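Values in this document were obtained by computation on a predicted structure and should not be read as measured data.
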Amino acid sequence: MARRSCCATSRYTTKTKSNPFNSFLCAFICFISLSPLISEAGLYTASDQIIILSPENVDSVLFNSTAALLVEFYATWCGHCVAFSPTWKSLARDIKEWKPAVDLAAIDCANESNRKVCTNFGITGFPSLKFFPAYSSSESRGLELRGFPRDVRGLRHYIIDKLEMHNEAWPPACPPLETASEEEIDNFFQTNNVKLLALVFESKDSYVGREVTLDLFQYENIAVRRVLDTETSLVSRFGVTDFPSCYLYNSSRHISRLKVLNEARTFYSYALQRLPGVVRTGKPQIPITDLIKNSTLQEWRSFNKTRVYMSDLESALHYSLRVELSGHISISGNDLTALKKYINVLSKHFPGRPSVKSALKTVDSWLQQQKGTEIKYSDFRDVLDNTVQTSDAVLPEGVQWVGCQGSQSHYRGYPCAFWTLFHVLTVQAKEMGIPDPQEVLQAMRGYVSSFFGCRPCATHFESMAQESMDHVTSLSAAVLWLWSRHNRVNNRLAGDLSEDPHFPKIQWPSPELCPSCHGLKKTGEHHWDQEEVLTFLRNYFSSAHILMDYLQDETQALIHQRNRLAAARMEKEARRGAERRAREVLDNRPDEEPQEEEQQEEEEGEEPAMEEQTGEPYPVGLERMGVAGADKANYQAPWEKPQRPQSQRKPKIVGIKLQEPQENIVDLDLFVNQHYKAKALRAAAMSGIVRQRSLKKKEDVEDLQFEGGWRVKRDLGSQEENLGAGVGIEPYPRPHSKRWMSLHSVGFSRLDVSLCVLLYLLSTMCLLAMYLYFKLRLKLRRAKLSLP
C-alpha cells in the first residue's frame, strides 16, 4: 500500500509542480486518513489462528475460561512488535492441536478503543506477554513474562512450564503432563477406555513427551504418557536403548516400537495420528467399502496417492470456466484483467492434451482481441464451447475427480484440484524458464480474488499474498512459496468440518512420501530441506509424471464437439431461411398490408360487441327464471363468428404476420331471418309469455317458422312496450363498433360504402358517356340529312 500511495503522490506532484505545498498537503491528509484503518487492522487476523481481543470480548475470553491463554500486548507502530509478529503466528500454527488446553491471543494497544484495556492490565511497554491460567478470576492481571524467548521452541517450553505450575484442581481441558510410573501403566487399561497407549521414554529435561501428549489430545482411542529414563524397571521391561524413543502398548500387553524417520516430536505426532483406529474427536472414520455402499452415488475410483491425474486438472478447468465463471453475467474492470491473465497462463503452461491446449489458446486469442472494458459471459462461453471455431479444439465437459475425490461428495474435489492445477503451472513455468517469476502466482491471486466461490478462502489467500508474494524473485521461489502457503492452509483447516477423515490435512509431503525433505536442527526441531523439497515438487508435478487414467476419450469429445457445431450450423441456416422467406412475403404483398390493417381494425372493433353479447346474453337477474343455465357459457348464436381459443396465437415469421384465411360470404337474408328469430326468443323468455325453447329441438323450430317475419316484429314491439317499466330490453342492440351506416341492424364499413360510391360514380360516368355518344351521333346524322 505504501508503494502505491507513493506512486500516486509522485504523479500528483508531476502535474502540479508550480505548487509543491499542495502535493505535501495531499499526501499528509491521505496518511492521516489511512492511519485509523491501519491501526484498526492490527498485525493479526482471525486467519492467523489468534484470538483478537477487544473491550467487548476481553472479559469472556480471559476470565473463568477452561483453557489457559498467553496474550501479547503490542502496538502497530512498534518495530519490535512487527518483527515479533511472524514468530507469534508461527507459534499459533505450531500449537494448533493444543487449543483445548491453551490458546493464543493478542490486542493492539495503539488502537484508542483498546487503551483502557491495556492500562487496566498495567501495560507500559511493547511487546508484552502475559499468561492467564485456566479459570482465572476477573481480578487477575495475568503472569507477566519478562525477557521471554523470541523463538517458537522457547515459547512452547514456557507454555508447558506454566501449565504444570497450575496450583488448583487440574483443568479438565488439559491432559496429564506428569511422568508415569510402572504401577500406573500396569493398571492403565482398567481405568481408561482407550485401545492404545504410547509411551515416550526421555530424559528429565526433555519436552518431547509433553509436547506429543498435547499434540494427541484431540484424538480418540489413544493416550500418551511420559516415562523418564530413571524408571529402570520399565526401561528394561520395554527394552529401551535410545532416549527419546516411543513404544506402543495395547490392552493385550503387546509391546512394539514406533518406527519413525527421526526420533523427534514432529515425527512421533505424525506417526501416532496415522495409526489404525486413531481418529480425531468428532470425526469417526468410516471404512471406504461401507461408505461407497451407503453414502456416495458415484463409483469409487482407485488411484495412486503419489501421482497427479490429468482428469483432476481437466475437471478443475471445466468447473472453473463453465460453472464458477457462469455466476458473472458480465465481466469488466479488474475482473476482466484477472480473467485475461488466468487464461493466458493456462494457454502457455497447461500440460494438457492437444485438443484442450488448442481450446485454451483459442479462448486466450479471443480475449486478447477484446479491446472493450466489458465482455458478456455468454460470448465467452460460445468461444469456450467452440461453437464458432474449428472442430479440433475441445475442453471435455463434466467433472471426474480421481486423486482429488473425497470419501463424500462435499469433501475435497474442486479446491484440491485447483491447488494441484497451480502447483503444476508453477512447475511448468519453472521448466520453461519464463522471465516473470510471479506470472503464475499473480494470475492465481487475481482469479481467486475475483472469481473463487469461497470468499473467506479468497480473503485468507489475499492476506498471504500481501504478506510475502512480493518477495518472490525467482521461479524456484515461486514453486516453494505456493507449497509453503498450501501447507499453512492445511494447518489452519486441520480438524475443521471440511476435513475429510480419510484424507486428513497434513504438512505435505509426508515423511513416507519424501524422507529427504525432512530434517532436524541441532535443537531437535523439525525443519524442511528446501532444496530437497524443490526437487521433489519438480518431479511430482512434472508433466511427464501425470497419469491419463479415467480421462474421457478424446475422440468421443471431438465427435461430441462436431455434433454440437453441426447442430449450431443447422440452427443458424434455419434461422436465415426463415428470415429470407419472411422478407419475400413482405416484398410480394406491399399493397395488401393496408387492407389487412383495416380488416384487423374492424375485427378489433367488432370483438368487444361480440364478447359482450356472448359473455352476457341475458340481463342480470334472469338466471333465476331458468333462461341462463348451464348452457349459458357455451351458448353461441348461429350468426356469430366462431371464437378463437385464447391460448392460440396468430403464427408469425420473424415478427411478420401471415395472411389470414379469407372468410366465407354471408347470406344477408338468412342472417337477418335468424337474427330476428333469436331476438324474439330472448324477449319472449324474459316476459314469460313464451316458454323457454331451444333451437336445438326440431319441433320448436317448426313452431316458430309459421309465424313469419312480420309476426315476430309485432311481438317484439309489444314486448318492448309492456316491459318499459321493468328491465329495459333492446331487441335490436346497437353495435358498439363505429360504423358509417346501419340498415336492418346490419352495419356497413368504410370499405363497403367506398365501394358503393365508387360503383355509383362509375355508373354515372358510363351513362354520361353514352349520352354524349348518342347526342353526337344524332348531330352527325342531322348534318348528313341537311346536305343536298
Side-chain angles (χ1 to χ4, degrees), residues 1 3-5 7-8 11 37 41 45 47 313-350 356-357 359-389 395 397 399 413-415 417-426 429 434 436-467 469-470 472 478 481-482 485 489:
M1 182 175 292
R3 184 178 301 175
R4 292 181 181 176
S5 60
C7 180
R11 290 179 184 173
L37 298 177
T45 62
S47 63
L313 302 181
E314 291 188 359
S315 297
L317 288 181
H318 163 79
Y319 191 89
S320 169
L321 301 179
R322 290 197 178 102
V323 180
E324 202 161 47
L325 281 179
S326 65
H328 301 259
I329 299 176
S330 61
I331 305 173
S332 61
N334 294 333
D335 294 345
L336 180 57
T337 303
L339 179 61
K340 287 183 177 181
K341 291 183 179 179
Y342 176 57
I343 297 297
N344 182 256
V345 165
L346 290 174
S347 65
K348 291 193 298 186
H349 305 307
F350 184 75
V356 178
K357 295 173 68 175
L360 293 174
K361 290 180 180 179
T362 300
V363 177
D364 178 58
S365 176
W366 178 83
L367 277 177
Q368 301 305 325
Q369 295 173 3
Q370 305 304 307
K371 303 304 181 183
T373 59
E374 182 180 6
I375 65 170
K376 300 291 185 183
Y377 174 75
S378 57
D379 298 336
F380 174 86
R381 181 65 180 270
D382 288 341
V383 178
L384 176 65
D385 291 342
N386 207 10
T387 56
V388 294
Q389 304 294 331
L395 174 63
E397 298 183 5
V399 295
Y414 178 59
F418 189 78
W419 276 107
T420 305
L421 172 64
F422 274 94
H423 282 302
V424 171
L425 294 177
T426 55
I434 62 174
D436 184 6
Q438 295 188 20
E439 181 182 34
V440 176
L441 297 181
Q442 292 295 346
M444 181 181 184
R445 180 181 184 180
Y447 180 87
V448 171
S449 177
S450 298
F451 304 109
F452 196 67
C454 176
R455 300 319 300 167
C457 303
T459 303
H460 295 155
F461 188 86
E462 179 62 25
S463 64
M464 292 190 298
Q466 291 178 359
E467 177 185 335
M469 186 177 286
D470 292 340
V472 176
W481 186 91
L482 189 62
R485 269 48 192 181
V489 172

[X] side chain near [Y] side chain, heavy-atom distance below 4.5 Å:
{"X": "Val424", "Y": "Trp419", "answer": "no"}
{"X": "Ser463", "Y": "Ser47", "answer": "yes"}
{"X": "Ser320", "Y": "Tyr342", "answer": "yes"}
{"X": "Phe350", "Y": "Leu317", "answer": "yes"}
{"X": "Leu346", "Y": "Leu421", "answer": "yes"}
{"X": "Met464", "Y": "Val489", "answer": "yes"}
{"X": "Arg485", "Y": "Phe461", "answer": "no"}
{"X": "Lys376", "Y": "Phe380", "answer": "no"}

Contacts of [X] that satisfy side-chain hydrogen bond (donor to acceptor under 3.5 Å, both in side chains) - sequence neighbours left out:
{"X": "Glu462", "answer": "Arg445, Gln466"}
{"X": "Gln438", "answer": "Gln442"}
{"X": "His328", "answer": "none"}

Rounded to the nearest 0.5 Å, what separation is found between the [atom1] atom of [X] and the [atom2] atom of [Y]?
{"X": "Lys361", "Y": "Asp364", "atom1": "NZ", "atom2": "CG", "answer": "10.0 Å"}
{"X": "Leu395", "Y": "Thr362", "atom1": "CG", "atom2": "OG1", "answer": "11.5 Å"}
{"X": "Ser378", "Y": "Arg381", "atom1": "OG", "atom2": "CZ", "answer": "10.5 Å"}
{"X": "His349", "Y": "Asn344", "atom1": "NE2", "atom2": "CG", "answer": "7.5 Å"}

Handout entry: salt bridge (charged side-chain N to carboxylate O under 4.0 Å, His left out) against Glu324, all qualifying residues, sequence neighbours excluded
Key =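 Result, salt bridge (charged side-chain N to carboxylate O under 4.0 Å, His left out) vs Glu324: none returned.
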
Handout entry: Test salt bridge (charged side-chain N to carboxylate O under 4.0 Å, His left out) applied to Lys348 - qualifying residues, sequence neighbours left out
Key =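 Partners of Lys348 by the salt bridge (charged side-chain N to carboxylate O under 4.0 Å, His left out) criterion, ordered by chain and then number, come out as Glu439.
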
Problem - Residue pairs, two or more places apart or on separate chains, that pass salt bridge (charged side-chain N to carboxylate O under 4.0 Å, His left out) and touch residues 448-459 - result: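 Every candidate salt bridge (charged side-chain N to carboxylate O under 4.0 Å, His left out) pair involving residues 448-459 fails, so no pair, neighbours aside, qualifies.
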
Would you mind writing out the side-chain donor-acceptor pairs for residues 329-336 within the sub-3.5 Å range, not counting sequence neighbours?
from	atom 1	to	atom 2	distance (Å)
Ser330	OG	Glu374	OE2	3.0
Asp335	OD1	Ser450	OG	2.9

Which heavy-atom pair separates [X] from [Y] by the least distance, and what is that distance?
{"X": "Ala443", "Y": "Val345", "result": "CB-CG2, 3.6 Å"}
{"X": "Ala429", "Y": "Val440", "result": "CB-CG2, 3.9 Å"}
{"X": "Lys340", "Y": "Leu367", "result": "CE-O, 3.4 Å"}
{"X": "Ser347", "Y": "Leu360", "result": "CB-O, 3.9 Å"}

Problem - Trp481: partners by ring pair (Phe, Tyr, Trp, His ring centres under 6.0 Å), with sequence neighbours left out - result: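 Listed in chain order: nothing, the list is empty.
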
Problem - Counterpart residues, ring pair (Phe, Tyr, Trp, His ring centres under 6.0 Å), relative to Phe418 (two or more places apart) - result: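 By the ring pair (Phe, Tyr, Trp, His ring centres under 6.0 Å) rule, Phe418 matches Tyr414, Phe422, Tyr447, Phe452.
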
Practice task
Check whether any side-chain N or O of Ser449 sits under 3.5 Å from a backbone N or O of Gly446 as a donor-acceptor pair, and report yes or no.
Solution key: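 The answer is no, because no donor-acceptor pair under 3.5 Å joins these two groups.
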
Handout entry: Charged N-O contact under 4.0 Å between Arg322 and Asp385
Key =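 So Arg322 pairs with Asp385 through a salt bridge.
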
Problem - Full working for side chain to side chain contact (heavy atoms under 4.5 Å, CB included) between Leu482 and Met444 - result: CA-CA 10 Å; Leu482 189 62; Met444 181 181 184; 3.7 Å; yes

Exercise for the section: Test side chain to side chain contact (heavy atoms under 4.5 Å, CB included) on Leu339 and Leu325 and set out the steps. Expected result: CA-CA 9 Å; Leu339 179 61; Leu325 281 179; 3.7 Å; yes

Practice task
Output all residues satisfying side-chain contact (heavy atoms from CB on, under 4.5 Å) with Ala417, sequence neighbours left out; order by chain, then residue number.
Solution key: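 Partners of Ala417 by the side-chain contact (heavy atoms from CB on, under 4.5 Å) criterion, ordered by chain and then number, come out as Asp312, Ala316, Trp401, Cys404.
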
